[in-house]
Amino acid sequence: MVKDHPAADLTFVTSAGAHVEVERVQVDKRIDTALLWVRRSLAVKAQFGHAADRTAWTVTARPEAGAARLTGTVSAVDHLMTNPDGHDMRVLQLHVEEGLGEFHGYSGSAVWARGNIVGILVEQVRQRMRVMGKPPAANVLYAIPIGRVVSRFRLGVPVRPAEEASPALHLLDTAQFDMDPLKDAMLSALHGRDDGVLAFGLPSVDLDVLMNLCAWLPGYIGETAQKSMLTVLPEVMSIETMERYVTRYARELETSNVVCPISVHNVDTAFVDELWKRIRAACGNPRHRLVVFLAGRPATGFPDHVEELPAPAVREQDIADWASDVVALRRWPSSLAGPWTAEIVKRSSDEGRGLDMRLTYETLNDYIERVRLQPDALLSHLEELELRC
C-alpha cells in the first residue's frame, strides 16, 4: 500500500514508462486515498469530471503486463460504505464487465468516463458465498469521486460536470439546460462532504427553476424520491410540525435519496436556522442523501451551514448554443440557428429587462415539443425566419 511507505521508497511510472521520483506522500485515511507529489511536472494534464449514473467507465492502468483492462457501468454515484480504517465515505459503485474473480493491484487507478477522470479505485467487493478461504471478488468496485479527492486535498482544480449519455437528453429536456453555476455549486457541495443531510439555498422563487434542479439531480446522486414543496408559515404552523413533515422521510433514506423543497421566502432567518438544525439532528448521517432546497431568501439571508446557490440566470449565448446543437442533432442547415436564437430571445425577454427565466423555460418547452412531435413544421417555420433576415 502506498500510504504505508515513505516517499523515498516510491517511484511514479508514467503511461509512457518514464520513472519520476516521488517528493512526498500525503495521506487522507477518511477517503482511503494517498496523493503523490512528484519532483517534476508531467507532460500530460488530465481533465477531471463528475460521474453520472449509468454511464460507461474504463480503467486503463494495469497491475502488470498482460492484465485485463477494466470496463463497465457506473451503478451508483453516492454509495455509502465503511473503509478499512473505519471511516464512512461516499463512493462511486462500479459494475465491472470483466469477471476476473480478483482485482488486486488495480487499487489507486484512475477511473475514466467520457474523457475525464471521475474517480480513484479504492476497494473491491467480495462475493457473499461461504467458501474455503477468501471468497472471490464480485463484479463490483468502489472508487472515490474525483471531486472528493480535489476537495479533501484542496487541489484547487476544476471538476467538470458529467456529460450526458445521449445528446438528445441534454437538448430536449429543460432540466438539463445550462444553469451550470448552480449545478457546479451543488456538485462541489455533494462531492466535497460526507454528511448525508444538505441544504441548498436557492434565492429564486421561480418554481420552474426549482423543479428542473430537482429533476436534474438524480443523474448525479442516483435513485431519488421527489417530495412536494412545503411552505414555512410560522404564524400557522409550529416549528415542531414543520420538523415532523420533513423528518418523516428519514425511513426512506435507508433505500433511496430524498429531495425536499421548502419555501422560506421572507421567513424569519432564526426560524429557518432552528428548523434546519432540528432536521439535521433528527436525520443524523443517513445511508442516502436528504437534499433540502430552501427556495426564496429568508428575511435576513440564509443561515449558516446552508449552501447558498448563485441566482439563476440565462445568457443569450446559452440559447445560441442550444439552438445550434439542436439544429446539428436534427441535421438541419446550420444557418437556421441564428434566426431561431433571435426568436427565442425575443419571446423570452421581459420588456427590455433581459431574459426572464420563466419565459425562457416556457419558450424552450414549446420548441422542444415541436422538435419532438412536429419537426417538419418547425423546420419550415425556421426556413421562413431565415428568409426574413
Side-chain angles (χ1 to χ4, degrees), residues 47 49-58 73-74 77 112-116 118 160-184 186-187 204 206-220 224 226 312-350 354-389:
Q47 295 276 5
H50 293 292
D53 203 17
R54 296 182 296 279
T55 54
W57 62 268
T58 185
T73 306
V74 177
V77 296
W112 293 82
R114 295 187 170 270
N116 297 318
V118 298
R160 302 168 62 190
E163 295 184 31
E164 299 299 327
S166 165
L169 175 64
H170 176 77
L171 298 173
L172 301 182
D173 183 351
T174 53
Q176 310 297 331
F177 178 74
D178 199 286
M179 306 300 286
D180 284 347
L182 282 81
K183 294 174 179 178
D184 287 347
M186 290 172 60
L187 291 173
S204 171
D206 193 316
L207 188 60
D208 288 335
V209 173
L210 177 61
M211 291 300 101
N212 274 340
L213 287 176
C214 291
W216 161 83
L217 191 55
Y220 290 85
T224 302
Q226 168 69 53
V314 62
R315 304 169 304 158
E316 184 171 335
Q317 185 61 49
D318 300 329
I319 294 175
D321 291 342
W322 180 86
S324 296
D325 288 343
V326 174
V327 164
L329 179 70
R330 297 297 307 184
R331 302 183 186 276
W332 293 341
S334 59
S335 58
L336 300 179
W340 195 10
T341 298
E343 182 168 83
I344 294 173
V345 169
K346 182 178 180 180
R347 289 183 55 181
S348 304
S349 298
D350 183 16
L355 291 166
D356 177 85
M357 288 304 308
R358 183 182 297 275
L359 292 175
T360 299
Y361 278 137
E362 287 180 355
T363 303
L364 289 176
N365 280 323
D366 174 44
Y367 280 121
I368 286 171
E369 184 175 4
R370 293 166 71 178
V371 169
R372 285 172 168 162
L373 303 180
Q374 301 173 312
D376 293 339
L378 177 59
L379 174 60
S380 297
H381 174 69
L382 297 181
E383 289 171 339
E384 291 177 7
L385 286 180
E386 185 182 24
L387 290 174
R388 295 177 200 164
C389 294

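- The shortest distance between side-chain heavy atoms of Y367 and V326 does not fall below 4.5 Å.
- What you find for A51 and V118 is that their closest heavy atoms are CB-CB, 3.9 Å.
- In this structure the side chain of S335 reaches within 4.5 angstrom of the side chain of E386, judged on heavy atoms.
- Nearest heavy atoms, I319 versus V345: CD1-CG2, 4.2 Å.
- Taking 4.5 Å as the limit, every side-chain heavy atom of L359 sits out of range of all side-chain heavy atoms of R347.
- The heavy-atom pair separating T341 from A323 by the smallest distance is OG1-CB, 3.5 Å.
- Smallest separation of non-hydrogen atoms from L355 and R315: CD1-C, 3.7 Å.
- Shown here for P312 and S204, the closest heavy-atom pair between the two residues is CG-CB, 3.3 Å.
- Contact check for R330 versus V371: side-chain heavy atoms found under the 4.5 Å cut-off.
- Considering only residues two or more places apart in sequence or on other chains, D53 meets the salt bridge (Lys or Arg N to Asp or Glu O under 4.0 Å) condition with none of them.
- Here L379 pairs with W332, L336, E383 under the side-chain contact (heavy atoms from CB on, under 4.5 Å) rule; sequence neighbours left out.
- Although no hydrogens or angles enter the test, the distance criterion places a donor-acceptor pair under 3.5 Å between the side chain of N365 and the main chain of Y361.
- Here the OG1-CD distance, from T174 to E362, works out to 11.0 Å after rounding to the nearest 0.5 Å.
- Side-chain contact between L182 and L213: present, with at least one pair of heavy atoms (C-beta onward) separated by less than 4.5 Å.
- Open room surrounds CD on E369; 12 or fewer heavy atoms of other groups in view lie less than 6.0 Å from it.
- Looking at every heavy atom in both residues, T363 comes nearest to S348 through OG1-OG, 3.4 Å.
- To the nearest 0.5 Å, the span separating CD on E343 from CZ on R388 amounts to 7.5 Å.
- The shortest distance between side-chain heavy atoms of D321 and Q317 falls below 4.5 Å.
- The CG atom of D206 lies 7.0 Å from the CG atom of D356; values are rounded to the nearest 0.5 Å.
- In this structure, T360 OG1 and D350 CG are separated by 10.0 Å, a value rounded to the nearest 0.5 Å.
- Of the candidates H50, Q47, R160, N116 forms a side chain to side chain donor-acceptor pair (under 3.5 Å) with just one, namely R160.
- By the salt bridge (Lys or Arg N to Asp or Glu O under 4.0 Å) test, R331 pairs with no residue at all, sequence neighbours left out.
- Without hydrogens or angle criteria, D325 side chain to W322 main chain gives no donor-acceptor distance under 3.5 Å.
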